Structures are given as C-alpha cells and as structure tokens.
Amino acid sequence: QFEEENPDIKIEMENVSDEAMKDKLSVIASGGEMPDIYFTWTGERTVRFARNDMALDLTPYFEEDPEWAESFLPAFFNNVTYEGKTWAVPFRSSIMYMIYNKQVFEEYDLEIPETWDEFIAICDKLAETDVIPIAFGNSQPWYGSWWIGELNAMMVPKDVMTKDYTTGEGEFTDEAYVEAVQTFLDMNEKGYFGDHVNSKDYYQVREQFCAGQAAMMLDATAQFTQFDDGMGAENWGYFKVPVMEGAAGDPGTISGGAEAWIVSKNTKHPEEAIKFLKFMTSLEQGQKQTKEAGLPNTLVGGITAENATPATEEAYAEAAESYTNIADWLDCAIEASIADQYMVSLQEGLDGKSAEDVMADVQAAAAKVKAE
C-alpha cells in the first residue's frame, strides 16, 4: 500500500526471528553498515545505538510534526529517549500479566490472588497435584529475566533500581537484589515451575499451559492471541502480577515495553524513511496491525473493541488505571553485557548456584561497565 501511494520509493524487507535478531544486530553493527531502518527493542537496546552514533536523531522530525509525537502512548514513547532526544519509533507494545487456566482454577477451587502471599498459597496447593503451578522454561534465558525484572520492581527501591539500570552507574549491591533472586530460586526449589526448567524453552511450556498441564504462566499482552488460538478465548484469563506486601519496590510498576524502529545515522534516505515510519505508525496501520496480527500497537486510541480481542482491550484499560509506570524488560533495560551475565547466572542459579553468587557475577559485570 505504501509503495502504491509512493511509486518512487521501494521498500526491501528482511524478516528475522526474535533470538536471531539479537545476534544479527550485533554483527551488522560491528560491520558499520546498518540498514536504512532497523528493528530494536526499547530502553537500553535503543539507547546503545544512540550512544554509539548509529541512530538518527528523530527529535527534529517529531518537533516538526507534534501531532505524530502525541499519537503515541507516553509510557512507550518515553522509552525511546536518551539525553532529551528521541531515537526510535515504537510500533508494538506489551504489558506483563499472569495468565491462568480457568478450568484448573475452578477444579481446585482457586480464586484470583491479590497479594503475593495468596499467589504463593495457590502455588503450594497446586504443587500437591499433577498440575504444574507455573509454566516456565529457561533454555532461552530471556524468559528468566522477565521474572527477575518483575521481582526487582517489587522488591528493590525505585531510586536504587533507576540508578543501577542506568548504564555506567549501576552497582547492583542492594541486598534486595539478592532477595529477589532468592525468591525466584525458592519458587523453582519448591517445584512451582515443574522440573528441568533449563532444558525447556518458552514455546514448549506455553504449549504445556495451553494443554492444561500448567495452571499459570507469566506472559505479555503481545501473546494474548496465542492463548486464544491454543486453548480458546473462553478457557483462559489473566490477572495483575500480585503485589508483595511490605516490599520496598514500586507497586505501581509493571514490566513491559515496546518494539521499535531506528533510522540509521548514515542513511542516504532519511526523508523517505521517516515517511515510511509515519505511514506504518498511523492510526489506520496501527489498528490494522492489532486486528490482523493480534499485536498491540503503541498508539493513543489504537486498541479498541473493533480491532482487539476483549482480553487485550481490557488489559490495556486496566493497565492505564492500575499502573503508574511500565518498566522495560530486564534484558532491555540494562546494558547488554550486564543483562547477558544476569541471565546466564540465573540459569546457573536454577542449577544450584546461590543467589549471592548470582548477584556477585552481576556486580562484577556492572563494575566492568562502570570502569569502561
């Protein structure tokens, strides 16, 4: 459609899968020849390209067209900024929730938990049955980072976490980080995740959940339609990640984030690239993206009863009322080498490494980044 409207512009697209994209971005960045437009996630995964002079400063384009800038939901638009400038265009969004199997909850007379203690009580009850309390697999360690990101937001003071997540300033020495990892490891030790978690990936355990073999699963709104397809919309529900009472974190923060497009600093076609991105993030295209692909957009008024499933529409409405901050997923929020160490050490923790040693690894990685 864009090419029909702009016959002098041709778009060449290369499709890359999720995990492969991370490697591909590193390879092409080291070679210095970035595509005119390239995909990234928000937070640090956007900022690193800006910091390394590989991203075009989009601030002037948004200033010239304030209507375009104001068309994005602020929670996602704010996560593509760095040093007061805007470096990417968010197009797809996700907010974290706990998914649950309605039939399992009914069979075991379970109610939606409102607190962390109630949530743990449900896990304890289910651990005595043939049903896995929580579907979880960590052979691709980004999934473990979702969990620890949630626990950090709940347990670590907000100002401490903000400082530690800032590249070059992080130390990760607050004891609450160790407590968060210990909470996660305790859940595994008690059998809440089933067995052999490091040998299963996210997609395997999602199939387990859809088949009724697990009661709950931490997941994001971008995946909601997968549960509709896998088990029927009437058979699953979602609830807010329960609040941990008395914890030092911010109860108004939930993990999530956006996926975005960056324009290369060295593109020979900046005007054409901006024109294409304006087209792709128009309300018409954003709503079409959600309706046809089931992927939530990042636009004000972009998610409605006409283009989204009831669960997706309700989840975004609830998020607007219940949360004051949407924090980027851990592996997108902190500097890449620290994130990589965090995820690897969490994997080792699930195999027996202590929470203290996990965080010692993270602190060492952070100290190296700070020194550099």
Side-chain angles (χ1 to χ4, degrees), residues 15 17-19 41 73 75-76 90-108 110-113 119 122 126 131-137 140 142-143 146-147 150 193-194 200-242 254-259 283-299 301-323 326 329:
N15 194 33
S17 67
D18 184 87
E19 282 300 301
W41 292 265
L73 292 165
F76 303 112
F91 70 94
R92 190 161 85 186
S93 66
S94 272
I95 304 169
M96 204 76 73
Y97 283 99
M98 195 68 68
I99 315 299
Y100 74 98
N101 184 306
K102 290 183 176 180
Q103 184 177 343
V104 171
F105 267 53
E106 183 178 344
E107 180 179 349
Y108 292 99
L110 303 173
E111 294 184 1
I112 304 300
F119 173 66
I122 288 174
L126 289 169
V131 178
I132 298 169
I134 304 168
F136 174 72
Q140 294 176 334
W142 58 262
Y143 196 30
W146 280 15
W147 271 98
E150 285 295 319
F193 299 142
K200 303 171 186 173
D201 67 23
Y202 162 84
Y203 301 99
Q204 288 174 283
V205 299
R206 190 173 72 188
E207 289 182 9
Q208 279 187 316
F209 174 82
C210 290
Q213 297 170 19
M216 296 176 285
M217 182 171 181
L218 183 67
D219 216 322
T221 49
Q223 308 301 325
F224 273 16
T225 54
Q226 299 294 327
F227 296 106
D228 287 349
D229 295 342
M231 60 193 298
E234 70 281 5
N235 294 317
W236 69 277
Y238 70 91
F239 56 87
K240 289 174 57 179
V241 177
I254 189 67
S255 293
E259 294 167 355
L283 189 59
E284 175 192 353
Q285 295 303 322
Q287 289 180 337
K288 184 186 291 187
Q289 167 187 300
T290 301
K291 184 172 184 177
E292 295 184 5
L295 299 169
N297 58 70
T298 58
L299 302 171
I303 297 172
T304 69
E306 286 71 40
N307 73 333
T309 64
T312 301
E313 184 193 11
E314 291 164 10
Y316 274 77
E318 183 175 304
E321 295 175 3
S322 305
Y323 295 118
I326 297 174
W329 294 293

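All values reported here derive from a predicted model rather than from experimental measurement.
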inquiry  = Looking at every non-hydrogen atom in both residues, tell me the closest pair between Ala215 and Leu126 and how far apart they are.
reply    = CB-CD1, 3.4 Å

ask   = Phe119: what forms a ring pair (Phe, Tyr, Trp, His ring centres under 6.0 Å) with it, not counting sequence neighbours?
value = Trp116

request  = Could you check if a side-chain atom of Gln226 sits within less than 4.5 angstrom of a side-chain atom of Asp219, using non-hydrogen atoms only?
outcome  = no

task = Please tell me if the side chains of Ile95 and Phe76 come closer than 4.5 Å, counting only heavy atoms from C-beta onward.
result = yes

query = Once you round to the nearest 0.5 Å, how far does CE of Met216 lie from CZ of Phe193?
reply = 10.0 Å

request  = Go through the structure and list residues passing side chain to side chain contact (heavy atoms under 4.5 Å, CB included) with Asn235, not counting sequence neighbours.
outcome  = Met231

query = With no hydrogens and no angle check, is any side-chain donor or acceptor of Gln213 less than 3.5 Å from a backbone partner on Ile132?
reply = no

message = Does Gln204 have more than 12 heavy atoms from other residues, nucleotides or ligands lying within 6.0 Å of its CD?
response = yes

inquiry  = How close do Ile122 and Pro113 get, counting heavy atoms only, and between which atoms?
reply    = CD1-CD, 3.7 Å

inquiry  = As an exercise, state the distance from CD of Gln103 to CD of Glu106, rounded to the nearest 0.5 Å.
reply    = 7.5 Å

request  = Tell me, please, which residues at least two apart from Trp329 pass side chain to side chain donor-acceptor pair (under 3.5 Å).
outcome  = none

For Lys200, salt bridge (Lys or Arg N to Asp or Glu O under 4.0 Å) partners two or more places apart = Asp195

message = Rounded to the nearest 0.5 Å, what separates atom CE in Met98 from atom CE in Met217?
response = 10.5 Å

ask   = Would you say the side-chain atoms of Thr290 pair up with the backbone N or O of Ile303, donor to acceptor, closer than 3.5 Å?
value = no

query = Are Asp228 and Thr225 close enough, and set up right, to give a side-chain hydrogen bond (donor to acceptor under 3.5 Å, both in side chains), and what steps lead you there?
reply = CA-CA 5 Å; Asp228 287 349; Thr225 54; over 6 Å; no

request  = Let me see the working for Asn307 and Asn297 under side-chain contact (heavy atoms from CB on, under 4.5 Å), right down to the final yes or no.
outcome  = CA-CA 11 Å; Asn307 73 333; Asn297 58 70; 4.1 Å; yes

request  = Find out whether Val241 and Trp147 are in side-chain contact, i.e. whether some heavy atom of one side chain is under 4.5 Å from a heavy atom of the other.
outcome  = no

ask   = Any donor-acceptor pair under 3.5 Å linking the side chain of Tyr97 with the backbone of Ala315?
value = yes

ask   = Closest approach of Ala75 and Ile326, non-hydrogen atoms and distance?
value = CB-CD1, 3.9 Å

inquiry  = Assess the residue pair Leu218 and Tyr143 against the criterion (side-chain contact (heavy atoms from CB on, under 4.5 Å)); give the C-alpha distance rounded to whole Å, side-chain angles, the decisive distance to 0.1 Å, and a yes or no.
reply    = CA-CA 9 Å; Leu218 183 67; Tyr143 196 30; 4.1 Å; yes

Any residue meeting ring pair (Phe, Tyr, Trp, His ring centres under 6.0 Å) with Phe209, in chain and number order, not counting sequence neighbours = Phe227

Partner set under side chain to side chain contact (heavy atoms under 4.5 Å, CB included) for Glu314, not counting sequence neighbours = Tyr238, Pro310

query = CD/Glu284 to CG/Leu299 distance, rounded to the nearest 0.5 angstrom?
reply = 12.0 Å

query = Which pair of non-hydrogen atoms, one from Gly230 and one from Cys210, has the smallest distance, and what is that distance?
reply = O-CB, 3.9 Å

inquiry  = Going by the rule salt bridge (Lys or Arg N to Asp or Glu O under 4.0 Å), which residues pair with Arg92 if we only count those two or more places apart in sequence or in a different chain?
reply    = Glu259

remark   = Residues at least two apart in sequence or cross-chain that pass ring pair (Phe, Tyr, Trp, His ring centres under 6.0 Å) with Phe105, listed by chain then number, are Tyr100

Set of residues satisfying side chain to side chain donor-acceptor pair (under 3.5 Å) with respect to Gln285, sequence neighbours excluded = Gln1

key: Any residue meeting side chain to side chain donor-acceptor pair (under 3.5 Å) with Glu234, in chain and number order, not counting sequence neighbours   = none

request  = Please confirm whether the backbone N or O of Arg206 pairs with a side-chain atom of Gln223, one donor and one acceptor, at under 3.5 Å?
outcome  = no

ask   = Considering only heavy atoms from C-beta outward, does the side chain of Ile99 approach that of Phe224 to under 4.5 Å?
value = yes

remark   = Residues Ala311 and Trp236: closest non-hydrogen pair is CB-CH2, 3.8 Å

Check: Pro90 main-chain N/O paired with Thr298 side-chain donor or acceptor under 3.5 Å = yes

ask   = Do Trp146 and Ser255 come close enough that some side-chain heavy atom pair is under 4.5 Å?
value = no

key: Residues which pass side chain to side chain donor-acceptor pair (under 3.5 Å) with Thr312, listed by chain and number, not counting sequence neighbours   = Thr309

Table please: side-chain donor-acceptor pairs of residues 316-323 below 3.5 Å, with sequence neighbours left out.
residue : atom : partner : partner atom : Å
Tyr316  : OH   : Ser93   : O            : 3.3
Tyr316  : OH   : Ser93   : OG           : 2.7
Tyr316  : OH   : Thr221  : OG1          : 3.2
Ser322  : OG   : Glu318  : O            : 2.9

